[in-house]
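Inspection log for the structure reproduced underneath, given as structure tokens.
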Amino acid sequence: MAARKLHIDEAERRRRLAVRHHLTTPSASVLEVAQSLIGLHSTDPATVYLSAWARVAGLSQADVHDALYDARSIVKHMAMRRTVWALPVDLLPTVQAAASDTIAATERRRLARDLERAGITEEGADWVRKAERAAVRALARLGPSFGRDLSKEVPMLRTKITVGSGRNAQEIGVVTRISTILSASGQVTRAQAGGDWHQRQPRWARMVDWVPETAGATRPSAVAARADLARHYLRACGPARFDDLKWWTGWTVGFTRAALTDIAAVEVEISEDATGLVLPDDLDQTPAADPWVSLLPSLDPTTMAWKERDWYLGPHRARLFDTNGNAGPTIWADGRVVGGWGQRPDGEVVLKFLDDVGAEVSADAERHATALTSWLGGVRVRPSFPTPLQRELSGTP
């Protein structure tokens, strides 16, 4: 008779989330947060700042700027699911081999194919390699540069191709596609952007110039790196379903299964009809935490950490996520999403509760909203992927 699996219920999952994601006990630094969460989402530049604000007591915007652009303890990099992350420097080799290399290879093939279909060249792969080398050489001369500066320096990057047909046809500059490949392959990174801290105007820099220690970093094998990344993920997010890890990493079924086998992941019951996975040394219960409330931004790594979200999201998906699965700003209470937030035109943070949370939680959330309004100092953050509730609260169509 098979031994009964350990049961880890939703209450324990929420306690783990609270502690491991620094939502009940503040973190000491932006770097520590990024290490615990395997990076911070950075598709929207403001997300790094707001995710850190929710977890580091007394944090200033200058502290985040320092971590990103002065100390460079976290570095922007295209990684899991073709998403931009702010990753701890010591995790870059693992993430590169486990996820980013595959993305770079896929993007190279796609661009080569599109160039050939557009009649730009008959040797698409060779054309892409030449464009990559030319762009990197230009960055060595210019230093951190906008895409438009690279295009002026490298004629190949001024090429445009039409993707799609008919009403869906779209003309795309090759410089954007090459930048994506260079980012995913670890040759370049996003240096300090143009504009304010919350605006999306990336400057590109060679990775070896921006973070010189990466030049001599030991590269693990893809197999070892996937095992290491799976271990980090389960440490932060376990128990998680097989499909959670597969989705979060962007791996195939085979890659996911092999990584879980390599780290000897243990199956546990997480509901009557579902199993999750944890590390073999991670079976103990988490002590109860004091009640807590947090305001998390769009694309926060906690909200986006699992594919199956009902255990913390409840019935609120349609209002708090867009149709592609991108999370909007959320209100959390004791490990559950209980509403969302937005900003009025004057920058004031306003809340909308979707559950009956009681007077104490409501008052605590309002205090957080007041503090965040002050911290933002009139800046109005505009998510790249607006959600229904965020639009409603912000008065945007």
Side-chain angles (χ1 to χ4, degrees), residues 2-27 33 36-38 51 54-55 230-248 260 263 265-296 300-321 327-341 351-365 367-368:
R4 181 177 175 83
K5 293 184 177 72
L6 175 70
H7 182 72
I8 296 181
D9 62 16
E10 289 185 359
E12 168 62 13
R13 295 184 78 183
R14 291 171 183 156
R15 288 193 294 269
R16 289 181 173 213
L17 177 156
V19 173
R20 299 178 188 195
H21 292 212
H22 297 287
L23 295 172
T24 184
T25 304
S27 173
V33 170
S36 297
L37 296 174
I38 328 169
S51 292
R55 296 171 169 90
R231 189 178 296 108
H232 279 289
Y233 175 80
L234 288 186
R235 185 71 67 193
C237 301
R241 295 188 182 199
F242 180 95
D243 281 350
D244 291 327
L245 175 61
K246 176 180 176 295
W247 171 82
W248 185 87
L260 289 168
I263 62 174
V266 176
E267 272 199 351
V268 297
E269 290 183 350
I270 55 175
S271 67
E272 290 184 0
D273 60 353
T275 60
L277 296 147
V278 295
L279 295 174
D281 63 350
D282 193 23
L283 304 176
D284 294 339
Q285 293 286 301
T286 305
D290 292 334
W292 60 273
V293 169
S294 189
L295 305 184
L296 299 185
D300 185 84
T302 296
T303 318
M304 297 294 294
W306 296 268
K307 181 181 181 183
E308 196 290 300
R309 303 173 175 129
D310 288 350
W311 61 276
Y312 63 88
L313 185 58
H316 308 314
R317 184 185 301 263
R319 300 192 70 183
L320 296 173
F321 283 71
T330 49
I331 309 169
W332 288 69
D334 300 330
R336 295 185 304 115
V337 175
V338 297
W341 60 273
L351 311 178
K352 175 77 172 183
F353 293 99
L354 301 177
D355 288 336
D356 182 2
V357 296
E360 190 171 339
V361 169
S362 177
D364 195 6
R367 285 192 290 271
H368 280 71

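Using cut-offs of 30° and 60° on the angle between ring planes, the pair Trp311 and Trp306 is perpendicular.
When side chains are defined from C-beta on, Asp300 does not count as touching Thr330, because their heavy atoms never get closer than 4.5 Å. Between Leu296 and Thr302, the closest side-chain pair of non-hydrogen atoms falls below 4.5 Å. Between Leu295 and Trp332, every side-chain heavy-atom pair lies at or beyond the 4.5 Å cut-off. Counting heavy atoms from C-beta outward, Thr25 and Val19 have side chains that stay 4.5 Å or more apart. Side-chain atoms of Arg309 and His316, non-hydrogen and from C-beta on, never get closer than 4.5 Å to each other. Within the 4.5 Å cutoff, no side-chain heavy atoms of Asp284 are placed close to those of Asp282. Inter-residue side-chain proximity for Val338 and Leu354 is flagged as unmet; no heavy-atom pair is nearer than 4.5 Å. Between Tyr233 and Ile38, some side-chain heavy-atom pair lies under the 4.5 Å cut-off.
The shortest non-hydrogen separation linking Val278 to Arg16 is CG1-NH1, 4.0 Å. Across every non-hydrogen atom of Pro26 and Thr24, the tightest pair is CD-O, 3.9 Å. Of all heavy-atom pairs spanning Ala365 and Ile331, the tightest one is CB-CG2, 4.3 Å. Nearest heavy atom pair, residue Leu260 against residue Leu277, reads CD1-CD1, 3.6 Å. For Trp248 against Met304, the heavy-atom pair with the smallest separation is CD1-O, 3.9 Å. Of all heavy-atom pairs between Leu320 and Gly340, the closest is CD2-CA, 3.9 Å.
Heavy atoms of other residues, nucleotides or ligands lying less than 6.0 angstrom from CD of Glu10 number more than 12.
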Item to complete: Kindly determine whether Glu269 and Asp9 satisfy side-chain contact (heavy atoms from CB on, under 4.5 Å), including the steps that lead there.
Response: CA-CA 8 Å; Glu269 290 183 350; Asp9 62 16; over 6 Å; no

Discussion item. Working note: Glu360 + Asp364, criterion side-chain contact (heavy atoms from CB on, under 4.5 Å); need CA distance, chi angles, decisive distance, verdict.
Written reply: CA-CA 6 Å; Glu360 190 171 339; Asp364 195 6; 5.9 Å; no

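With hydrogens and angles disregarded, no donor-acceptor distance shorter than 3.5 Å links the side chain of Tyr312 to the backbone of Arg13.
Looking at residues two or more places apart in sequence or on another chain, you find a salt bridge (Lys or Arg N to Asp or Glu O under 4.0 Å) between Glu267 and Lys5. Residues satisfying the side-chain hydrogen bond (donor to acceptor under 3.5 Å, both in side chains) test with Gln285, not counting sequence neighbours, are Arg15.
Note: Asp355 CG to Ser362 OG = 12.5 Å, rounded to the nearest 0.5 Å.
Arg14 forms no cation-pi arrangement with Trp292, by the criterion of a distance under 6.0 Å to the ring centre and an angle within 45° of the ring axis.
Across Arg55, His22, His21, a single residue satisfies side-chain hydrogen bond (donor to acceptor under 3.5 Å, both in side chains) together with Ser36, and that is His22.
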Pairs of donor and acceptor atoms involving the side chains of residues 234-246, under 3.5 Å and at least two apart or interchain, shall be tabulated with distances.
unit_1 : atom_1 : unit_2 : atom_2 : d
Arg235 : NH1    : Asp281 : OD1    : 3.2
Arg235 : NH2    : Asp281 : OD1    : 3.2
Arg235 : NH2    : Asp281 : OD2    : 3.2
Asp244 : OD1    : Lys307 : N      : 2.9
Asp244 : OD1    : Glu308 : N      : 2.9
Asp244 : OD2    : Arg241 : N      : 2.8

